[in-house]
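Contents: one structure, followed by commentary.
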2 protein chains.
Amino acid sequence: MEVKKEVTIYDLAKTLNYSPSTISRALNNHKSISKKTIKLVKETAEKVGYRPNNLAAGLRNNKSKTIGILVPHLNRPFVSTLISGIEESARKAGYNVLISQSYDEAEIEIANARTLYDSRVSGLIVSLAMQTELYDHFKQFTDQGIPIVFVDRVPKTYNSYKVIIDNYTAGYKATKHLIQGGCKRIAHFAGSQHRNVYEDRKKGYVDALKEHNLPIDESLIIPFKTLSFEEGEKATKKLLKMEQPPDAIFSANDTAAVSAILCAKKMGFSVPEDLAIIGFNDDPISKIVEPALSTISHPALKMGKISAKRILEHEQKEQDDLLTEVSVLNTEVIARASTRPIN
Amino acid sequence: MEVKKEVTIYDLAKTLNYSPSTISRALNNHKSISKKTIKLVKETAEKVGYRPNNLAAGLRNNKSKTIGILVPHLNRPFVSTLISGIEESARKAGYNVLISQSYDEAEIEIANARTLYDSRVSGLIVSLAMQTELYDHFKQFTDQGIPIVFVDRVPKTYNSYKVIIDNYTAGYKATKHLIQGGCKRIAHFAGSQHRNVYEDRKKGYVDALKEHNLPIDESLIIPFKTLSFEEGEKATKKLLKMEQPPDAIFSANDTAAVSAILCAKKMGFSVPEDLAIIGFNDDPISKIVEPALSTISHPALKMGKISAKRILEHEQKEQDDLLTEVSVLNTEVIARASTRPIN
DNA sequence: TTGAAAAATGCAATCGGTTGCAAAACTAGA
DNA sequence: TCTAGTTTTGCAACCGATTGCATTTTTCAA
């Protein structure tokens, strides 16, 4: 197959009788190049089909105008929307977006971090795998002054940007919402307590119970591995077969919550009368299930945009030693039919 | 902020008293380097924290071991799963994945194609924007021998790899499924007829009716712009208010189909008795809605993996002039509760 | 021991932009 | 017209890895 020779700034230089430096500067609107020259260069570049080689520029500058993303799973509503937000902001600023998924495994996360580093990303946006507990694989970025934004699932201690929601308050609000509906025995579908998001949601749940003088019943707090549909069904079955079943469930995600609704209905319980249920995330399924699932909003798109912004801004900043900088977004209870109206 | 100096092959060369060429070859397991040297080089590289610079290698080779993806929207179940499949295969082969979304606008698609080209992707995987009709922006890739895989939404004529399902047959099967359930007045939610997927689904629908001697009623074929929930509601309302409303709907996607179920129920029709409904894609919501939505499977993950494979294989191939090479995947009717059992 | 073939390694150019500094060209006031 | 200052442009090194070809080293049969 014949491959057309690509046009480089050297070709442009020859054509226009300028030096490559001038061409390069003209294309980048360098202030020391006259407007006349800039115009001429750009027009010619357009005409002859010149295309910049990002690899060359990236090599010279040791960064690639690329944001790396490291998430557990790409095909989840929250994550794919988060990425959509990142992509939108990045693209507007002329940045590319490299993606990778860890499948919630620390080992893969580590490998992917390496690869993204090797591609000299300008910044990294990470949502941690379920079981990641060591953060050494992020040090390579920090050492090179490459900004990292942890989003949603963040490490407790690592020094960097973070974009999160207030999971504690969200958990508190969700639980309080159930209490205000008259629920007294509230179960909780808890995610991995290694991850801040699930840990905090649970804490909010516990504190809401305490504040309303409801007992904490450990048998009502179900530890989940992945908060999957199947796990949700199993847990619901178990709960509803108890001698004294709960009258409500606060699930740490929507998937498990929806499975609880379906399972409860199948077992003859009515939702929300016998069992009120509230989820977390406002996934698309939460609007579709019947009764529609009350849940907690999760501003994925916005979190994505802010994460990207942090990286892009970082380029401008004076690189003092990087301090932790946390953005906390608002969430709210979305009351639908799966919980009882507030008294 | 202090930035640690990065280790290059030159540093390794100095340390080990070899030339950079030998280091490079050793790291790449070149056959002309002794196993002893390879071992030594690799161990030292590991020890001193050497990290390859993909930009440098990419510049030299004029390609970046990166697959570019161009899709309409990232946060849709089909697309995000497709990408997940691409990412998985690409990663295994040591390739990175660059993403971009066109928001279904040809103009953005063109701009993104440029950017991906400028990053010297090794291959491009595209699902076309709704209104794209000119394909000039793909020529730059073809001219450079960069393989393009069109997936799902593909151009009719462009010469390249294609990974699709048989939309015609799928549309035919979906319609036939309704007919076999006893439906006689079957409406169709049709997508943009510029895109093969929607055009072919409609053709399958039309032919199924014809073959079963059912009349084609143009008033039952509703043209959609985006097949959104809102559009679906509106269309359903309109249909059910007709003097002689349809007894079934074949929707070209699940979103509109689900909205039809909900809308029909709200209007007092029972599904599937009064109105049978079948969708397309097997999105997560289709399992959740009640009655559960019958639909057509869409092997997103597999399509992603195959698309990536096409790109990766292409690298090996003798680059004869690229011919069109089409992979057609199987789909099947997933019968759930929103359609009537087959007689 | 010698010579030729085979194996291992090195030289130097190359990929395409970017940029500090020097130099040239231009402007304007004296 | 001359000079100092300003604007514009060029020189050349550099980023880090790859690779064709030449050279050195090793191997082994004669």
Side-chain angles (χ1 to χ4, degrees), chain A residues 3-42 44-45 48-66 94 117-122 144 315, chain B residues 3-42 44-45 48-66 94 117-122 144 315:
Chain A
V3 169
K4 281 191 196 161
K5 186 81 181 65
E6 294 194 69
V7 181
T8 71
I9 57 168
Y10 295 95
D11 300 321
L12 284 177
K14 212 167 293 169
T15 306
L16 293 174
N17 234 332
Y18 274 121
S19 75
S21 353
T22 300
I23 304 294
S24 171
R25 291 192 177 103
L27 291 170
N28 291 304
N29 298 311
H30 194 285
K31 54 186 167 302
S32 79
I33 304 292
S34 71
K35 315 94 223 137
K36 183 159 40 103
T37 309
I38 291 184
K39 185 151 175 280
L40 174 64
V41 169
K42 287 193 170 175
T44 312
V48 302
Y50 165 79
R51 301 298 294 281
N53 185 322
N54 290 344
L55 297 173
L59 171 60
R60 176 58 224 242
N61 302 326
N62 199 32
K63 67 176 161 145
S64 58
K65 282 210 160 209
T66 294
Y117 177 87
D118 293 347
S119 292
R120 299 299 185 274
V121 293
S122 311
Q144 294 296 323
E315 309 271 270
Chain B
V3 170
K4 282 191 197 160
K5 186 80 180 69
E6 294 194 69
V7 181
T8 71
I9 57 168
Y10 295 95
D11 300 319
L12 285 177
K14 211 167 294 169
T15 306
L16 293 174
N17 233 336
Y18 274 123
S19 74
S21 350
T22 300
I23 304 294
S24 171
R25 291 190 177 103
L27 291 170
N28 290 306
N29 297 312
H30 193 285
K31 53 186 168 301
S32 78
I33 304 291
S34 70
K35 315 93 219 132
K36 182 160 41 102
T37 308
I38 290 184
K39 184 149 173 282
L40 175 64
V41 169
K42 287 193 172 176
T44 312
V48 302
Y50 165 79
R51 302 298 294 282
N53 185 323
N54 289 344
L55 297 173
L59 171 59
R60 175 59 222 242
N61 301 326
N62 198 33
K63 68 178 158 141
S64 58
K65 282 210 163 210
T66 295
Y117 178 87
D118 293 347
S119 292
R120 300 299 185 273
V121 293
S122 312
Q144 294 297 322
E315 310 270 270

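Keep in mind that what you see is a predicted model, and the values were worked out from it rather than measured. Hydrogens, waters and symmetry mates are skipped; everything else that's a heavy atom, side chains included, is used. Throughout, a chain's letter reflects where its sequence line sits, starting with A, and its residues are numbered from 1.
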Over how many whole Å does the gap from B:K36 atom NZ to D:dT26 atom P extend?
9 Å

Take atom OH of B:Y10 and atom P of D:dA17, then tell me their distance rounded to the nearest Å.
8 Å

Listing time: all N or O pairs from protein to nucleotides 6-10 of chain D that are below 3.5 Å?
unit_1: D:dT8; atom_1: OP1; unit_2: A:K35; atom_2: NZ; d: 3.0
unit_1: D:dT9; atom_1: OP1; unit_2: A:Y18; atom_2: OH; d: 3.3
unit_1: D:dT9; atom_1: OP1; unit_2: A:T37; atom_2: OG1; d: 2.8
unit_1: D:dT9; atom_1: OP2; unit_2: A:S34; atom_2: N; d: 3.4
unit_1: D:dT9; atom_1: OP2; unit_2: A:T37; atom_2: OG1; d: 3.1
unit_1: D:dG10; atom_1: OP1; unit_2: A:S19; atom_2: N; d: 3.4
unit_1: D:dG10; atom_1: OP2; unit_2: A:S19; atom_2: N; d: 2.8
unit_1: D:dG10; atom_1: OP2; unit_2: A:S19; atom_2: OG; d: 3.1
unit_1: D:dG10; atom_1: OP2; unit_2: A:T22; atom_2: OG1; d: 2.5
unit_1: D:dG10; atom_1: O6; unit_2: A:R25; atom_2: NH1; d: 3.1
unit_1: D:dG10; atom_1: O6; unit_2: A:R25; atom_2: NH2; d: 3.1

Find out whether A:N53 and B:N62 are in side-chain contact, i.e. whether some heavy atom of one side chain is under 4.5 Å from a heavy atom of the other.
yes

What contact category does A:R51 fall into here, base, sugar-phosphate, or nothing, at under 4.0 angstrom with non-hydrogen atoms?
sugar-phosphate

Can you run down the salt bridge (Lys or Arg N to Asp or Glu O under 4.0 Å) pairs that involve residues 28-41 of chain A, sequence neighbours left out, and say none if there aren't any?
A:K39-A:E43

Please check: side-chain N/O of B:S64 versus main-chain N/O of B:R120, any donor-acceptor pairing under 3.5 Å?
yes

Check: A:I23 and A:L16 side chains under 4.5 Å, non-hydrogen atoms
yes

Just N and O in the side chain of A:S24: are any of them under 4.0 Å from OP1 or OP2 of C:dG17?
no

To the nearest angstrom, the CD-P distance between A:E6 and C:dG17 comes to 9 Å

Close side-chain approach of B:V48 to B:D11, heavy-atom, < 4.5 Å:
no

Looking at A:Y50, does any N or O in its side chain come under 4.0 Å of the phosphate oxygens OP1/OP2 on C:dG17?
yes

Sidechain-backbone polar pair: B:T44 side chain, B:L40 backbone, donor-acceptor under 3.5 Å
yes

Heavy-atom closest pair (A:S19 atom, A:A13 atom, distance to 0.1 Å) is C-CB, 3.8 Å

pair B:N29-B:K42: side-chain heavy atoms closer than 4.5 Å:
yes

So, B:S122 side chain and B:K63 main chain: donor-acceptor pair closer than 3.5 Å or not?
no

How many whole angstroms separate atom NZ of B:K14 from atom P of D:dG16?
12 Å

Rounded to the nearest angstrom, tell me the gap between atom CD1 in B:I9 and atom P in D:dT18.
7 Å

For B:N29 and C:dT9, what is the distance between atoms CG and P respectively, to the nearest whole Å?
14 Å

Among residues 53-65 of chain A, which contact DNA chain C at a heavy-atom distance under 4.0 Å?
A:N53, A:A56, A:A57, A:R60, A:N61

